[in-house]
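Step one of this worksheet: look at the structure below.
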Amino acid sequence: MSKKRFILRFRGTGARSAADIERVRALRHATVLDDSSPRMLLVEGSETELESLLATMPGWIMTREQMIPLPDPRPKVRRAKRK
């Protein structure tokens with residue numbers, strides 16, 4: 001079973017439910033890595049297990065974490081072609 005990272009986002013009204021968070025934490029093959037955001041969780045775990053749980057939790061969506069490389073902030077001098 002491969003573990004991947006997912007962002008779980010609460011799109012419902014009001015605050016996210018503490019009971020929902022505990023249901024995610026109770027999953028056998030999942031680990032909550034970050035819950036500091038008021039509407040999102042970063043979770044590492046089985047995609048199928050998380051999808052099954054979220055099907056029973058209205059207002060929640062799941063997306064796979066994506067890494068976007070930052071550009072090099074140091075400008076480079078281009079050398080002129082020699083003739």
Quiz item: Can you name the ring pair (Phe, Tyr, Trp, His ring centres under 6.0 Å) partners of Phe10, sequence neighbours left out?
Solution: Trp60
Tell me whether [X] shares a hydrophobic cluster with [Y], the cluster being built from Ile, Leu, Val, Met, Phe, Trp, Tyr side chains joined at under 4.5 Å.
X: Met40; Y: Leu54; answer: no
X: Val43; Y: Met62; answer: yes
X: Ile61; Y: Leu41; answer: no
X: Leu27; Y: Phe6; answer: yes

Quiz item: Got a donor-acceptor contact below 3.5 angstrom from the Arg16 side chain to the Arg9 backbone?
Solution: no
Rounded distance (nearest 0.5 Å) linking atom [atom1] of [X] with atom [atom2] of [Y]:
X: His29; Y: Leu50; atom1: NE2; atom2: CG; answer: 11.0 Å
X: Glu47; Y: Lys4; atom1: CD; atom2: NZ; answer: 5.5 Å
X: Leu53; Y: Ser46; atom1: CG; atom2: OG; answer: 11.0 Å

Exercise. Go through the steps for Met57 and Leu8 under the test side chain to side chain contact (heavy atoms under 4.5 Å, CB included), then give the verdict.
Key: CA-CA 11 Å; Met57 294 170 49; Leu8 307 184; over 6 Å; no
Quiz item: What residues form a side chain to side chain donor-acceptor pair (under 3.5 Å) with Arg74, not counting sequence neighbours?
Solution: Asp72
